[in-house]
Structure formats: C-alpha cells, structure tokens
Number of protein chains: 2
Amino acid sequence: MGLAKTEIFSDEQNEIAVFAKAFGHPARVAILQHLFKVNACVCGDLVDEIGLAQPTISQHLKELKYLGLIKGSVEGTSVCYCVDSENWAKMKAIMKTFFDQDISFQEDCC
Amino acid sequence: MGLAKTEIFSDEQNEIAVFAKAFGHPARVAILQHLFKVNACVCGDLVDEIGLAQPTISQHLKELKYLGLIKGSVEGTSVCYCVDSENWAKMKAIMKTFFDQDISFQEDCC
DNA sequence: TGCATTCATTGTAATATTGCAATTAAACAA
DNA sequence: TTGTTTAATTGCAATATTACAATGAATGCA
C-alpha cells in the first residue's frame with residue numbers, strides 16, 4: 001500500500017516514526033549538520049554545499065520546516081534558514097526516551 | 001526518482017539516514033519497544049501484539065535484522081527474536097553524536 | 001519600468017515502501 | 001507418512017518519496 005497504518009499505533013510511536021523519517025534521508029542530515037556548523041545560511045548556500053538541485057533542497061527544507069526543526073526568514077530575495085533550538089531539544093528528548101530503553105534491559109536471548 | 005543520491009553524501013550521513021529510516025515506521029518502533037519490554041518473543045507474538053498481518057511483520061523484522069538491531073533464532077517451528085544489545089549501543093552512539101550537535105550551538109538566527 | 005536574483009511551486013518520471021493474499025519451507029506431532 | 005503449526009517468501013496493488021526541469025512569485029536594482 002505504501003501507506004502506514006498509523007491508526008493502530010500510539011501517538012508516541014507515530015511521533016518517533018515521523019521524526020525519524022525526517023532524518024531518513026542523507027540530504028536532510030546534511031542540511032541540519034550544515035546549519036549547526038554555520039549557525040544560519042541561505043537556501044542557495046545549501047544548494048552549493050550539498051550538490052542537489054535547488055528545487056530538491058527546497059523540498060527537503062520544507063519538510064524540516066513542517067516538523068518545526070528549522071525555521072526560515074525572508075531577507076530580501078534570499079531566505080535565511082536556521083535550526084529551531086527549542087523544537088530540536090523537544091525532538092531530542094523524545095528520541096532519547098526511545099533510544100534509552102536499553103537502560104533497564106536485561107540481556108540478549110538468542 | 002525515489003532514489004536517494006547517496007554517493008554525494010558522507011558515509012556518516014548515509015549511516016545516520018539508514019538507521020533513522022529503520023525507525024521511520026511506527027511498526028518497527030513498536031516491534032523494538034515490545035522486544036525491550038518482554039526481552040524476547042516469537043514472531044507470532046508480535047503479530048498479535050501489533051495487529052498487522054504476519055507477512056508484514058515478517059518484512060519489518062527482516063529490515064531490523066538486516067541492520068543488525070535485532071537477531072532471531074529458530075526454536076522448533078517458531079523464531080525467537082530479541083534486540084542485539086551490542087549493535088543497539090553502536091547505533092545509539094552514532095545517533096547521539098548527530099543529536100548532540102546542538103551542544104556547541106550558539107542560538108537561533110531568524 | 002525592465003531586468004536580475006533568489007527561492008517556492010508545479011508537474012512529471014523513476015524508484016521505494018507498505019500491506020496482504022497466496023504460497024512455500026521447515027519443524028514437530030500423531 | 002500425514003497433518004499441523006509457524007514463519008519466510010513471492011507477487012501484486014496502492015501509495016510515498018526523490019529528483020529535477022520548467023515556471024512562478026517576490027524582492028531589489030538600474
């Protein structure tokens with residue numbers, strides 16, 4: 001179907017999956033890494049830096065923005081993008097809970 | 001294209017994306033959570049627990065196994081699955097580095 | 001106004017993902 | 001051996017994702 005049956009999962013499970021999917025493409029990983037590195041930059045810089053076509057970068061930026069992980073502000077004919085620290089922290093907390101499940105985990109079985 | 005241009009990204013970026021994609025579906029999140037909860041269980045238990053058809057669960061298990069996050073051992077007609085603690089820890093370390101980029105990050109711009 | 005720059009949007013092609021029915025394979029039990 | 005149970009595999013339909021050319025929208029500049 002190509003369509004996940006989200007209705008049979010908990011909100012938490014769906015939220016984890018949605019965030020994880022955002023990091024499920026190397027271009028979005030690269031965008032975030034570059035934004036952390038330079039603090040803020042313009043869409044065109046990301047196009048040069050990453051090497052995908054401008055519409056493709058724009059599409060990836062749209063997804064990250066939709067999830068609230070980045071924000072953009074218009075500056076003349078450019079748009080300046082940067083990480084949304086507050087939402088990044090919230091996302092981190094959710095993912096950390098998921099990843100740290102192994103803390104109280106006994107040991108492998110098979 | 002539906003095909004990511006992995007060759008233009010670093011190994012690290014691709015590795016992060018591949019792991020993240022594994023968590024990008026709520027069924028795989030649910031499978032891992034259940035395995036952590038009960039320590040180990042059989043495929044059929046996951047089918048009952050999660051509520052997707054057996055072939056679908058089997059397919060998700062295959063992906064998690066391919067990434068090394070879980071392992072399975074045949075026990076009669078059943079297959080017992082559990083988390084691979086060692087690889088889980090390795091994955092966590094990689095993802096932690098990615099998520100903790102914000103540690104030395106100044107502040108938002110726009 | 002007219003033109004250039006920058007980015008978003010639209011449309012489209014190629015590929016990937018998800019889900020399941022049907023089937024197969026393997027192990028066990030009688 | 002025959003039947004049962006369990007899980008993997010196959011095949012397929014529906015949808016999602018990725019990438020980009022072409023275009024559009026907005027701003028700034030001459």
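Chain identifiers are assigned alphabetically (A, B, ...) following the order of the sequence lines, protein sequences preceding nucleic acid strands; residue numbering begins at 1 within each chain. Remember, it's a predicted structure, so these values are computed and weren't measured experimentally.
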Can you label the angle between the A:Trp88 ring and the A:Phe36 ring as parallel, tilted or perpendicular, going by 30° and 60°?
-> perpendicular
Tell me, with the steps shown, if A:Asp84 and A:Lys65 meet salt bridge (charged side-chain N to carboxylate O under 4.0 Å, His left out).
-> CA-CA 9 Å; A:Asp84 185 320; A:Lys65 197 173 166 188; over 6 Å; no
Taking only side-chain nitrogens and oxygens of B:Ser58, does any of them come within less than 4.0 Å of OP1 or OP2 of D:dA8?
-> yes
Considering all heavy atoms of both residues, which atom of A:Tyr81 and which atom of A:Gly72 are nearest to each other, and what is their separation?
-> CD2-CA, 3.7 Å
Between A:Cys43 and B:Glu63, whichever has its closest DNA chain C nucleotide further toward 5' is A:Cys43
Distance in angstrom units between A:Ile57 CD1 and D:dC20 P, rounded = 9 Å
To the nearest angstrom, the NZ-C1' distance between B:Lys65 and D:dT9 comes to 13 Å
With nearest nucleotides of DNA chain D determined for A:Val74 and A:Pro55 from heavy-atom distances, which residue corresponds to the more 5′ nucleotide?
-> A:Pro55
Take the protein atom OH of A:Tyr66 and the nucleotide atom P of C:dA8, then report the distance between them rounded to whole Å.
-> 18 Å
Report the distance from atom CD1 of B:Ile50 to atom C1' of D:dA7, rounded to the nearest whole Å.
-> 15 Å
If only side-chain N and O atoms of B:Thr77 are considered, is one of them under 4.0 Å from the OP1 or OP2 phosphate oxygen of D:dA7?
-> no
Answer yes if the side chains of A:Gln33 and B:Gln13 hold a donor-acceptor pair under 3.5 Å, and no otherwise.
-> yes
Checking all strands, does B:Val42 fall into the base, sugar-phosphate, or nothing category for heavy-atom contacts under 4.0 angstrom?
-> sugar-phosphate
Using a heavy-atom cut-off of under 4.0 Å over every strand shown, decide if B:Leu52 touches base, sugar-phosphate, or nothing.
-> sugar-phosphate
Tell me: CG of A:Leu61 to P of D:dC20, nearest whole Å?
-> 14 Å
What is the distance, rounded to the nearest whole Å, between atom CG of A:Asp45 and atom P of C:dT6?
-> 10 Å
So, is B:His25 close to the C:dG19 phosphate, meaning a side-chain N or O under 4.0 Å from OP1 or OP2?
-> yes
Of B:Lys21 and A:Gln54, whose closest DNA chain C nucleotide lies nearer the 5' terminus?
-> A:Gln54
Measure the distance from CD on A:Gln59 to P on D:dA16 and round it to the nearest whole Å.
-> 14 Å
Under 4.0 Å between a side-chain N or O of B:Tyr81 and OP1 or OP2 of D:dA8?
-> yes
Side chain to side chain contact (heavy atoms under 4.5 Å, CB included) between A:Ile70 and A:Leu64, worked out = CA-CA 6 Å; A:Ile70 64 171; A:Leu64 292 173; 3.7 Å; yes
Protein-nucleotide distance (A:His60, atom NE2; C:dC7, atom C1'), rounded to Å = 16 Å
Closest nucleotide of DNA chain D for B:Ser78 versus for B:Thr6: which of these residues is on the 5' side?
-> B:Ser78
Side-chain N or O of A:Lys5 less than 4.0 angstrom from OP1 or OP2 on C:dC20?
-> yes
